[in-house]
Structures are given as C-alpha cells and as structure tokens.
Number of protein chains: 2
Amino acid sequence: MPDTSDLQLDKMRDAASQASALLRSLGNQDRLLLLCQLSQEELCVGDIEERLGIHQPSLSQQLGVLRRDRLVTTRREGKRVYYQVADAKVLTLLQTLYQLYCAE
Amino acid sequence: MPDTSDLQLDKMRDAASQASALLRSLGNQDRLLLLCQLSQEELCVGDIEERLGIHQPSLSQQLGVLRRDRLVTTRREGKRVYYQVADAKVLTLLQTLYQLYCAE
DNA sequence: CCAACAATATATATTTCAATATATTATCTC
DNA sequence: GAGATAATATATTGAAATATATATTGTTGG
C-alpha cells in the first residue's frame, strides 16, 4: 500500500518528468535563440533566418521540434508562415534565463 | 567588418550556448529530482538512493554528469561522499521550475 | 509554369540512456 | 595487516535519441 511519502514521490516524479521535457526542448542553442526572438514578437521563418543566420532547413527542423512539443503555434499568411510562442511556461523560463545570462 | 548587430548576435549566441548547456544538464528526470533534493540539504549518495529509489550505478552516473558540469561539489566523510549544489544559477532555475510545476 | 518560402527526407556522426559488471576506497574484524 | 564488507565510482555494451549537412519535395502567388 502506498503511503504519503510514496504519493509525494509520484507527484515529484511527474513534475520532474514534465519539467525535464521542457528543459530538453529549450536545451539547444538554436532553439533557445529562436524562442528568444519569438518571445519578443511573432516572426516568419525568413525573418528568423535573417536575424540569426541559421540555415533554413536547420531552422525548420528546430521549429518542427517546438511545434511537436506544442511550445509554438503557426499562422500562414500567403507564402509565409508566422510563428509565435504558445506556452506561458516558456516565457517565464526565458525571463529567468535572461536575468542569469544576459543582464548585468 | 562586424557591425553593432553582429556583435550583439555574438553575445546572444554566447549566452545561448551557456544557457542551453545548463538546460541540458537539468534536462533529465533523475538529475532534476536529485538536484531538487540537494537544493534543500547536503546529502550522501545512499541518502539520495533511498529517497528517490534510483539504482546506485545510475545515480552515480548522473552525479558524475553534474560533477563534470561543475553544478555540484563533493566532500568525503569516511566511506560516504556528500554532495551539494555548487552553482547559484541552478538554484535560481530550480526555484522557477518549482513555481511552474510544483506550486498551486 | 516559375520563383519564393517552408517542410520533409536522407545520411551520418554524436550523444545519451539503461543495465550489468567490475573496480576503488575506506572501515571493521580478527 | 590481511581479508571481509560497505559505499561509491567507473567501464562496457547495445539501443535510442539528437545533431548537422545536404538534397528533395510541397505550397502559394504571380
């Protein structure tokens, strides 16, 4: 029979499973950079390509990962596809990371 | 010749490189769980094993990763090795993750 | 149909994971 | 001080996931 501490451990494991999945999604230089861009404004693939100098197929692949993990959503406008951040947790984490690595 | 925006991009890339490395270090369920334990108090391997139910070799391997990435330090006391968190950024991130996944 | 924009496919190299086995270090007992 | 034991670390292996570069395909608008 599970006791209180086992239940707590299950909850911790569940939280850790979700949290570590998000950390892996962000744990790539290119994905992190492009999420930083998207956290400021909605952008299409070409915009991101130009800003970050990441080649298109590579960019599309990373965007595909973020789509799969439901961290971004897309909107097509003619030939262009616009991306935006779809997960509030991402924005919170990006803010923390900004403080740790980009602020004085 | 690099202009201002190139310099900014270099800085961003550097920050993203460091940040994404940290995210990868934390991006594993077992490592995240054991860092959560260590964020509360210094613990030896056996303590962690008992609390989390992770098998010893697996635990030692994950602790080895955290040592390699300089996120924890160790102190030997007789047969036991005590671990503690050595990186303030880890504590900050854990706090944010706690708010996102463990708080109501 | 052609050009622009984006996604997918393919191939290869690398990293990571998980399980098992073995080694190291320190303590204890005789 | 020579084993025996406890605590921890390392090695090994095979499978799975990820990264990276290039090539190809799909979609839309002109």
Side-chain angles (χ1 to χ4, degrees), chain A residues 13 16-38 41-86, chain B residues 13-14 16-35 37-38 41-86:
Chain A
R13 271 201 265 258
S17 170
Q18 291 182 244
S20 63
L22 180 60
L23 293 171
R24 284 193 295 278
S25 300
L26 303 197
N28 170 282
Q29 189 181 7
D30 287 346
R31 287 197 294 272
L32 194 52
L33 280 170
L34 69 86
L35 280 172
C36 286
Q37 298 298 314
L38 292 178
E41 54 185 322
E42 190 190 47
L43 293 170
C44 70
V45 178
D47 291 339
I48 305 173
E49 196 180 348
E50 186 185 349
R51 290 184 189 214
L52 299 180
I54 301 172
H55 293 160
Q56 182 270 318
S58 176
L59 199 52
S60 257
Q61 178 166 346
Q62 302 310 335
L63 287 168
V65 172
L66 298 176
R67 258 184 283 128
R68 182 201 63 195
D69 298 345
R70 311 208 178 263
L71 303 185
V72 297
T73 52
T74 63
R75 173 177 72 81
R76 182 178 273 275
E77 195 175 311
K79 279 181 288 194
R80 303 186 178 178
V81 176
Y82 284 86
Y83 281 78
Q84 58 183 128
V85 177
Chain B
R13 271 201 266 256
D14 187 56
S17 170
Q18 292 180 244
S20 63
L22 181 60
L23 294 170
R24 283 192 296 277
S25 301
L26 303 197
N28 170 281
Q29 189 181 6
D30 287 346
R31 288 196 295 272
L32 194 52
L33 280 170
L34 70 87
L35 280 172
Q37 298 297 315
L38 293 178
E41 54 184 323
E42 190 191 47
L43 292 170
C44 71
V45 179
D47 291 340
I48 305 173
E49 196 180 347
E50 186 183 351
R51 289 182 189 215
L52 298 181
I54 301 172
H55 293 160
Q56 183 271 320
S58 176
L59 198 53
S60 255
Q61 178 167 344
Q62 301 309 336
L63 287 168
V65 171
L66 299 176
R67 259 184 284 127
R68 182 200 63 194
D69 297 346
R70 310 207 180 264
L71 303 185
V72 298
T73 52
T74 63
R75 174 177 71 80
R76 182 179 271 275
E77 196 174 308
K79 279 181 287 193
R80 303 187 177 176
V81 176
Y82 285 86
Y83 281 78
Q84 57 183 126
V85 176

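If you're wondering where the values come from, they're calculated on a predicted model, not measured in any experiment. So you know, we letter chains A, B, ... as the sequences are listed, proteins then strands, and number each from 1.
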Novice: Provide, to the nearest angstrom, the distance between the NE2 atom belonging to A/His55 and the C1' atom belonging to D/dA19.
Specialist: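 Going from A/His55 (NE2) to D/dA19 (C1'), I get 15 Å.
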Novice: Taking atom P of C/dA3 as reference, at what distance in whole Å does atom CZ of A/Arg80 sit?
Specialist: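 In whole Å, C/dA3 P lies 18 Å from A/Arg80 CZ.
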Novice: Taking all heavy atoms of A/Arg13 and all of B/Gln29, pick out the closest pair and write down the distance.
Specialist: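 Scanning both residues completely, I find the closest heavy atoms to be O-NE2, 2.9 Å.
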Novice: Would you indicate which nucleotide in C/dT20, C/dA4, C/dA6 comes nearest to any side-chain atom of A/Lys79?
Specialist: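 Comparing C/dT20, C/dA4, C/dA6 against the side chain of A/Lys79, the answer is C/dA4.
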Novice: With heavy atoms under 4.0 Å as the rule, sort B/Ser58 into base, sugar-phosphate or nothing.
Specialist: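 The residue B/Ser58 makes no contact with any strand.
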Novice: Quick one: B/Leu43 CG to D/dA7 P, roughly how many Å, whole number?
Specialist: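 Rounded to the whole Å, the gap is 15 Å.
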Novice: Check whether A/Glu49 reaches the backbone of A/Leu59 with its side chain - one donor and one acceptor, N or O, closer than 3.5 Å.
Specialist: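 No; judged by distance alone, with no hydrogens or angles, the pair does not exist.
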Novice: C/dA6, D/dT8, D/dA19: which one has an atom nearest the side-chain heavy atoms of B/Gln56?
Specialist: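 Of C/dA6, D/dT8, D/dA19, D/dT8 is nearest to the side chain of B/Gln56.
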Novice: OP1, OP2 of D/dA9 versus side-chain N and O of B/Tyr83: anything below 4.0 Å?
Specialist: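 So the side chain of B/Tyr83 is within the cut-off, an N or O lying under 4.0 Å from OP1 or OP2 of D/dA9.
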Novice: Check the distance between C/dA6's C1' and A/Asp47's CG and give it to me in whole angstrom.
Specialist: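 A/Asp47 atom CG is separated from C/dA6 atom C1' by 13 Å.
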Novice: In whole Å, what is the span from the CG atom of B/Leu33 to the P atom of C/dC17?
Specialist: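 Going from CG in B/Leu33 over to P in C/dC17 covers 14 Å.
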Novice: Return yes if some donor-acceptor pair links the side-chain N/O of B/Arg75 with the main-chain N/O of B/Tyr82 below 3.5 Å, else return no.
Specialist: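 Such a contact is absent between B/Arg75 side chain and B/Tyr82 backbone.
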Novice: Which of these nucleotides, D/dA19, D/dT8, C/dA7, is closest to any side-chain atom of A/Asn28?
Specialist: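 Closest nucleotide to the A/Asn28 side chain: D/dA19.
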Novice: CG of B/Leu59 versus P of D/dA9: gap in Å, rounded?
Specialist: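 In whole Å, D/dA9 P and B/Leu59 CG are 8 Å from each other.
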Novice: Looking at A/Gly78, is its backbone amide N or carbonyl O close enough to the side chain of A/Arg76 to form a donor-acceptor pair, meaning the two atoms are under 3.5 Å apart?
Specialist: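 Side chain of A/Arg76 to backbone of A/Gly78, a donor-acceptor pair under 3.5 Å: yes, one is there.
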Novice: Whole Å only: how far is the CG atom of B/Leu23 from the P atom of C/dT16?
Specialist: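 The distance from CG of B/Leu23 to P of C/dT16 comes to 14 Å, rounded to the nearest Å.
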Novice: Side chain of A/Arg68 only, heavy atoms from C-beta on: which candidate in C/dA6, D/dT18, D/dG29 is closest?
Specialist: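 Looking only at side-chain atoms, A/Arg68 lies closest to D/dT18.
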Novice: Starting at CD of B/Glu49 and ending at P of D/dA7, how long is that distance when rounded to a whole Å?
Specialist: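 The answer, rounded to whole Å, is 9 Å.
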Novice: Does A/Gln61 get its side chain close enough to the base of C/dA7, under 3.5 Å, for a donor-acceptor pair?
Specialist: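 By the distance-only test, no, there is no pair.
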Novice: Quick check: does any side chain N or O of A/Arg31 sit under 3.5 Å from a backbone N or O of A/Ser25, one acting as donor and the other as acceptor?
Specialist: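 Yes; judged by distance alone, with no hydrogens or angles, the pair exists.
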Novice: State which of D/dA7, C/dA26, C/dA7 makes the closest approach to the side chain of B/Arg76.
Specialist: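 Within the option list, the nearest is C/dA26.
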Novice: Using a cut-off of 4.0 Å on non-hydrogen atoms, how would the nucleic acid contact of A/Arg31 be classed: base, sugar-phosphate, or nothing?
Specialist: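 Since only primed, P, OP1 and OP2 atoms lie under 4.0 Å of A/Arg31, the category is sugar-phosphate.
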Novice: What's the closest nucleotide to the side chain of B/Cys44 if the choices are C/dC5, C/dT8, D/dT8?
Specialist: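 Of the candidates, D/dT8 comes closest.
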Novice: Once you apply a heavy-atom cut-off of 4.0 Å, does B/Tyr82 come out as touching a base, just sugar-phosphate, or nothing?
Specialist: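 Contact class for B/Tyr82: none.
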Novice: Counting side-chain heavy atoms from C-beta on, which of D/dG29, C/dA7, D/dA9 comes nearest to A/Arg67?
Specialist: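 Of all the options, the side chain of A/Arg67 is nearest to C/dA7.
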Novice: Find which nucleotide of DNA chain C each of A/Arg24 and A/Gly46 is nearest to by heavy atoms, and output the residue with the more 5' nucleotide.
Specialist: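 Counting from the 5' end, the first nearest nucleotide belongs to A/Gly46.
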Novice: List the steps, then state whether salt bridge (Lys or Arg N to Asp or Glu O under 4.0 Å) holds for B/Glu42 with B/Arg80.
Specialist: CA-CA 12 Å; B/Glu42 190 191 47; B/Arg80 303 187 177 176; over 6 Å; no
